[in-house]
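Here the structure comes first, spelled out in structure tokens, and everything after it is commentary.
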Amino acid sequence: MLSFLKRKVSGTEIGAEFFKRLRDGHAAGFAEDREFFPVEAQISRDAVIDEWLYFEVFLVDYSTYLALGRTSEKSKVLDLFWLSIQEWLGAHQVVALPERLAVLGGGPRSIPPEKVEYALARLLRRMKTYCSAIQTPHRLGENYSVASVFLNSCGNFNAITVTGISTLFSSRKIGYVELLKSVRIV
């Protein structure tokens, strides 16, 4: 579609809506996504909800990059989004996590325990892990790699669960990209 025919939308409004959806989803325990949560995680249910938040933050950030590249439009969407994330998670503490066994995406290995800390610090570490998974994807592709990061963080290695989360990541990524490409960001 020709860009001048696209509906104008404020990047700040999009970023604010992405943040609101994540904050509200976290408060509700991501009820609409619970069917994808690992049943046999090595961490508590609340910690799985926090891990899902990190997964969703990465999904928004990565999809925005895929749709808009390194442009001012991307910054217009993500600047407020990340500022809101930093303000929210910079004051929110998360529980300590035990050592976990990680099997997916590269064989058995141990994930070291994590101490009680601010959610923002944990999120930033997860973002690095997700980015690494994208940059060096498993032979089954980046969707599998991202799903593996989430499930390894939870201490789960169920093949059916990784397939479901891989599919969800792919479909949401496509949805975000289509949404962002369908408008003219101002």
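Taking CZ of Arg21 as the reference point, atom CZ of Phe81 lies at 9.0 Å (rounded to 0.5 Å). Remark: Tyr65 OH to Ile134 CD1 distance equals 11.0 Å, nearest 0.5 Å. Note that the CZ atom of Phe150 and the OG atom of Ser145 stand 15.5 Å from one another [nearest 0.5 Å]. In this structure, CD in Glu56 is found 12.0 Å from CG in Leu123, a value given to the nearest 0.5 Å. Interatomic distance, Gln93 CD to Leu120 CG, rounded to the nearest 0.5 Å: 12.5 Å.
Residues Tyr176 and Phe18 place their aromatic rings such that the two centres sit under 6.0 Å apart. Phe19 and Trp88 have their aromatic ring centers within a separation under 6.0 angstrom.
Residue Val162 is grouped with residue Phe157 when hydrophobic side chains (ILVMFWY) are merged at heavy-atom distances under 4.5 angstrom, including chains of intermediate members. Hydrophobic clustering (side-chain heavy atoms under 4.5 Å, transitive across Ile, Leu, Val, Met, Phe, Trp, Tyr) groups Leu179 together with Val77. Hydrophobic clustering (ILVMFWY, side-chain heavy atoms < 4.5 Å, transitive): Leu22 and Met127 are in one cluster. Ile111 and Trp52 are members of different hydrophobic clusters when ILVMFWY side chains are connected at heavy-atom separations under 4.5 Å.
Of the possible donor and acceptor atoms, none in the side chain of Arg100 sits under 3.5 Å from a partner among the backbone N and O of Asn152. At distances below 3.5 Å, not a single donor-acceptor pair connects side-chain atoms of Ser63 with backbone N or O atoms of Val60. Using a distance-only test at 3.5 Å, with no hydrogens or angles considered, no donor-acceptor pair links the side chain of Glu99 to the main chain of Ser110. Remark: side-chain polar atoms of Ser10 are paired, donor with acceptor, to backbone N or O of Thr12 under 3.5 angstrom.
For the pair Glu40/Asn158, no side-chain contact is recorded, criterion being any heavy-atom separation below 4.5 Å from C-beta on. Between Tyr144 and Thr163 the shortest side-chain heavy-atom distance does not fall below 4.5 Å. Residues Thr161 and Phe37 fail the side-chain proximity criterion, which asks for heavy atoms closer than 4.5 Å. Counting heavy atoms from C-beta outward, Val9 and Ile185 have side chains that stay 4.5 Å or more apart. For the pair Leu68/Thr71, a side-chain contact is recorded, criterion being any heavy-atom separation below 4.5 Å from C-beta on. By the 4.5 Å heavy-atom criterion applied to side chains, Phe55 and Ile165 are counted as neighbours.
Pairing each heavy atom of Pro38 with each of Val48, the nearest pair is CD-CG1, 4.0 Å. Between Pro98 and Ile43 the shortest heavy-atom distance is CD-CG2, 4.0 Å. Summarising the geometry of Val149 relative to Ala133, their closest heavy-atom pair is CG2-CB, 3.7 Å, with the distance given to 0.1 Å.
Each of Leu151, Asn143, Leu140 was evaluated against Ser166; a single residue qualifies, Asn143, per the side-chain contact (heavy atoms from CB on, under 4.5 Å) test.
Under the 4.0 Å criterion applied to side-chain N and carboxylate O atoms, Glu114 and Arg126 are assigned as salt-bridge partners. Between Lys181 and Glu73 no salt bridge is recorded (no basic side-chain N to carboxylate O distance below 4.0 Å). Taking the charged nitrogens against the carboxylate oxygens, Arg125 and Glu117 do have a contact shorter than 4.0 Å, which makes a salt bridge. Between Asp33 and Arg172 there is a salt bridge, with a side-chain nitrogen of the basic residue lying less than 4.0 Å from a carboxylate oxygen of the acidic one. With respect to the salt-bridge test (charged N to carboxylate O, under 4.0 angstrom), the residues Arg122 and Glu51 do not qualify.
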Take Glu142 and Tyr62, measure what side chain to side chain donor-acceptor pair (under 3.5 Å) needs, and give me the verdict at the end. CA-CA 12 Å; Glu142 76 178 21; Tyr62 182 56; 2.8 Å; yes

